There are 2 protein chains.
Amino acid sequence: MEFTPINQDILKQIISITGEERTFYKQEDIERYSHDETEDLIFHPEVVALPESAEEVSALVELCNEHQIPITPRGAGTGLSGGALPIHGGLVICMERMNKLIEIDERNLQATLEPGVITENLIDAVAEKGLLYPVDPASKGSCFIGGNVAHGSGGPQVVKYGTIREYILNLEVVLPSGEIIWTGANTLKFSSGYNLTQLMIGSEGTLGIVTKVVVKLIPKPKENILMLASFKSNEAACEAVSRIFMAGQTPSSLEFMERKGVEWVIKYDQIAFTLVDGIEAFLLIEVNGDSMDELFLQCEQINIVLEENDCQDVLLADTSAQKEALWNMRRTMAVSVKSNSVYKEEDTVVPRAELPKLIKGIKEIGARYGFESVCYGHAGDGNLHVNIIKENMSDEDWNHKLDDGIKEIFELTVNLGGTLSGEHGIGYVQKDYMPLKFNATHIALMHGIKNVFDPKGIMNPGKMFNSPA
Amino acid sequence: MEFTPINQDILKQIISITGEERTFYKQEDIERYSHDETEDLIFHPEVVALPESAEEVSALVELCNEHQIPITPRGAGTGLSGGALPIHGGLVICMERMNKLIEIDERNLQATLEPGVITENLIDAVAEKGLLYPVDPASKGSCFIGGNVAHGSGGPQVVKYGTIREYILNLEVVLPSGEIIWTGANTLKFSSGYNLTQLMIGSEGTLGIVTKVVVKLIPKPKENILMLASFKSNEAACEAVSRIFMAGQTPSSLEFMERKGVEWVIKYDQIAFTLVDGIEAFLLIEVNGDSMDELFLQCEQINIVLEENDCQDVLLADTSAQKEALWNMRRTMAVSVKSNSVYKEEDTVVPRAELPKLIKGIKEIGARYGFESVCYGHAGDGNLHVNIIKENMSDEDWNHKLDDGIKEIFELTVNLGGTLSGEHGIGYVQKDYMPLKFNATHIALMHGIKNVFDPKGIMNPGKMFNSPA
């Protein structure tokens, strides 16, 4: 794919759309758009534009389409698979100025918003009206709803409330041609032709740029209880996960944390928490609902399962401060682990009951290749984030041997019935692993779909999969 | 599109795949495959094959692809949009022999099954293990799970548990080339390339033939309460619907029935039910959960809303026989209405709070065009089935004026933020209305996707949309 560099004339045309103040091309201005939260990767765009309307996005895209200029759509830049990296330079279209929460429709339990709204801002705004938007990635305080749509993002509450696919009703999208469409309808059901809303979710900015989002909201439960259960081994904790569901219980969150993850949080975030000797793993279990009596009953049932599965201790968070502290531990784990070593993060997901085999296998692979890993994640969904830490690994091994180890992790994941990513996406850093899961026919279908939307290949090129030969 | 008739040589090749006993070509044998539940439409296939494995389906499809023979995939033939009608003749591939419930995986709360399993058989089999598969169309006693996937089918419980999209994890599909792929993974989350599982759901057999389905299961609630609320007007009943959700309540079902629908059921199904004068509409409201105390509390809250919204009376179903009788009334309504007049059914869906405007508008349009309609449906989802009854309408008006009336109904639906079908699909009978909702760009994208999967256009041709010029 041959792309055109952005020359002075094209730059002028971009400025004519987004103005001098919202168009960046100087080194110091584009710096912060040259990386996301993916490892230590840096790619510089030629120009960054900050549109304020779908019409401006459309004009930018049309211009790039005409001149064969690569576009990298960008949200908050919190992605972990490199989806927002402008690997071919070109134009970054960042949605940070399109951050209006347009309407909370309390009659229909829906909200309409721009893609640059921070996820937590949506969650808080609807909570004030007694409503719940349950898709809450760990990065909810900084990530954008548009990025969540692009990556099919999840979070702890998916296990009870369903994935983001259930909460995105309709999308306004600027297609690679510059045309603007709504993908569906503002309805809870849709059986009217191919579901382009669902196709856009998880398409990682390769099919178009989302400029408005309509989400479904539900009544917010009034009460919750949070428990921290501790185990002597990763496998015991993971085994308990599927047992809880088999006992008929559906927690609103069921998170797994390895001891080492907690150690890093204690060390780097100065969190006050006493780690008991011999405890290797934790489950953070939340139940919610409208009646405390009912929740206590649920907790009793869950406790029976925990006891049957070698749980050593259960800590009940009594106050909202305690709850916040425990959730904080889980949420800051990613940042703590990553801010203190070179790392690579994999986002494995398997059928829930295969978690014990997955984590055992990951540790065995690590032992063979000589890498440390810290695992945590949405165990209730079978979704385990695997942070591979460089620490004492030699540069030589890190740069040349590690890829084979990661390949083995993904092979194990796929063999257990799983897939390469549960919620982070494929992006730039996982795309070479796609053939481990999908055969050539399958990838050719994906490429064919890409080609229908974007025949010139300008929209987030070099992401998700390699073009078939 | 030019198709090849099935000659003696090709017929022999089909027989070599599915054998004499599972290959039909005589008039009396193909008769039952020439219609579904859509109006009084009849189209005869040339040949019907009943494969028993994905490999047989693949061989049939490969043969048809080679010779440009149109294929109509067929489930139980309960569809209401004509998706299973072989409008170009050719080969019907009916999945009725692929009816094995392969595995209920209690460790992972999943089941793997063939597409010819009757939906209720799946529901009953998992219920025995304390599990719930909540997608239960009114036709659940006869429809196939494969057809449910093809149409994005719903049912009363969608309102609480989410759509079929949340319960279909993975699909084995025979592509129009004859190749076999699995569309995703057996995981609760998937963010690994374009989601072909979601693309297949609701694609009405135009992109391939589903040969295995992996579904998600959840714990089955132990208790439920069913109420029948009566109202003096359709609008009052419909207004109460959104009010219930606004009050923070989420029933497990919230169905609307017009008086006339109940009259037809009483008349034609000899159901014992006393219709009170002045009552024009009903809401059938179910709540479920594990604690009766909790459910009674929910019912109290719902009752407060009902009283505030001019509800005349609430009947509480005390026994399981009473519950079954009320559900039976709702479920047989479609058949009662349809078995006694020529009819057309539209499957309108709007944002929930727009229901009062929708039903008012439908009646006004009916008055202007001189047609009667009977409305019922999944009001909690904003999904209203509109049965237009010929009764006293002249053949001339029915055949020539009615289309304009239906067009007006769909225009109203779209103007209220809705779409053409919530769960029945577009199929053969609604495809001409697609431009009312989707512009040329949108339909060209759908057509482009179709073309990627099925470049020869053999897979269920003439359904869902008309090819762009």
Side-chain angles (χ1 to χ4, degrees), chain A residues 106-110 130 151-152 154 162-163 165-166 179 181 185-196 198-199 202-203 218-219 242 245-246 248 250 291 294 349-353 381-383 417-426 434 437-438 441-442 445-446 448-449 452 464-465, chain B residues 106-110 130 151-152 154 162-163 165-166 179 181 185-196 198-199 202-203 218-219 242 245-246 248 250 291 294 349-353 381-383 417-426 434 437-438 441-442 445-446 448-449 452 464-465:
Chain A
E106 292 182 80
R107 291 170 63 241
N108 285 300
L109 273 53
Q110 298 180 0
H151 290 87
T163 64
R165 294 186 175 278
E166 198 59 28
E179 291 166 291
I181 64 166
N186 296 2
T187 53
L188 296 168
K189 293 156 104 178
F190 178 94
S191 187
S192 314
Y194 303 141
N195 195 313
L196 300 192
Q198 293 295 328
L199 185 59
S203 67
I218 53 176
S242 55
F245 292 89
M246 288 169 73
T250 304
S291 140
E294 186 65 9
V349 60
V350 293
R352 189 160 52 211
D381 298 316
N383 187 194
T419 187
L420 310 180
S421 173
E423 54 176 30
H424 293 174
I426 298 301
M434 284 287 271
K437 171 68 189 162
F438 305 106
T441 299
H442 203 126
L445 287 175
M446 291 194 197
I449 292 168
V452 166
M464 198 184 264
F465 49 79
Chain B
E106 291 182 81
R107 291 170 63 242
N108 284 301
L109 272 54
Q110 298 180 359
H151 289 88
T163 64
R165 296 186 173 278
E166 199 59 29
E179 292 166 290
I181 64 165
N186 295 2
T187 53
L188 296 169
K189 294 156 103 177
F190 178 93
S191 187
S192 314
Y194 303 141
N195 196 314
L196 301 192
Q198 292 296 328
L199 185 58
S203 66
I218 54 177
S242 56
F245 292 88
M246 287 169 74
T250 304
S291 139
E294 186 65 9
V349 59
V350 293
R352 188 161 51 212
D381 298 316
N383 187 195
T419 187
L420 311 179
S421 173
E423 54 175 31
H424 293 174
I426 298 301
M434 283 288 271
K437 170 69 188 161
F438 304 106
T441 299
H442 203 127
L445 286 175
M446 291 192 195
I449 293 167
V452 167
M464 197 185 266
F465 48 80

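So that the names make sense, note that chain A is the first sequence line, chain B the second, and so on, each numbered from 1. The model shown is predicted, which means the values in this text are computed figures rather than measured ones.
- For the set B:Gly382, B:Ser291, B:Ala353, the entry with the most heavy-atom pairs within less than 4.5 Å of chain A is B:Ala353.
- For chain A, the nearby part of B:Val350 is the backbone; its heavy atoms alone come within less than 4.5 Å.
- Ranked by heavy-atom pairs under 4.5 Å with chain B, the list A:Asp381, A:Leu188, A:Ile426, A:Asn186 is led by A:Asp381.
- Note that CG of A:Leu109 is 8.5 Å distant from CZ of B:Phe245, once rounded to the nearest 0.5 Å.
- The choice from B:Gly248, B:Gly152, B:Gly418, B:Gly193 that makes the most heavy-atom pairs within less than 4.5 Å of chain A is B:Gly193.
- Put simply, of A:Glu179, A:Met446, A:His151, the one with the most heavy-atom pairs under 4.5 Å next to chain B is A:Met446.
- The OG atom of A:Ser242 sits 12.0 Å away from the CD atom of B:Glu106 when rounded to the nearest 0.5 Å.
- Of the two parts of B:Phe465, only the side chain, counted from C-beta on, holds a non-hydrogen atom closer than 4.5 Å to a non-hydrogen atom of chain A.
- Between A:Thr250 and B:Ile218, the closest side-chain pair of non-hydrogen atoms is not below 4.5 Å.
- Of the listed residues (A:Gly130, A:Pro219, A:Gly202), the greatest number of heavy-atom pairs within a distance under 4.5 Å of chain B belongs to A:Pro219.
- Taking both residues in full, the closest heavy atoms of A:Asn383 and B:Lys189 are given as OD1-NZ, 2.8 Å, listed atom of the first, atom of the second, then distance.
- When all heavy atoms of A:Thr441 and B:Ile181 are compared, the pair lying nearest together is CG2-CG2, 4.1 Å.
- For the 3.5 Å distance criterion, the side chains of B:Thr419 and A:Thr187 fail to qualify, holding no donor opposite an acceptor.
- The residue among A:Leu199, A:Leu420, A:Thr163 with the most heavy atom pairs within less than 4.5 Å of chain B is A:Thr163.
- The choice from A:Glu166, A:Met434, A:Gln110, A:Gln198 that makes the most heavy-atom pairs within less than 4.5 Å of chain B is A:Glu166.
- With a 4.5 Å cut-off on non-hydrogen atoms, B:Glu423 touches chain A through its backbone and its side chain both.
- Annotation for A:His442 and B:Leu196: closest pair NE2-CD1, 3.3 Å, computed over non-hydrogen atoms.
- Put simply, of B:Ala185, B:Ser203, B:Ser192, B:Gly154, the one with the most heavy-atom pairs under 4.5 Å next to chain A is B:Ser192.
- Between chain A and the residues B:Arg165, B:Lys437, B:Glu294, B:His424, the most heavy-atom pairs under 4.5 angstrom are made by B:Arg165.
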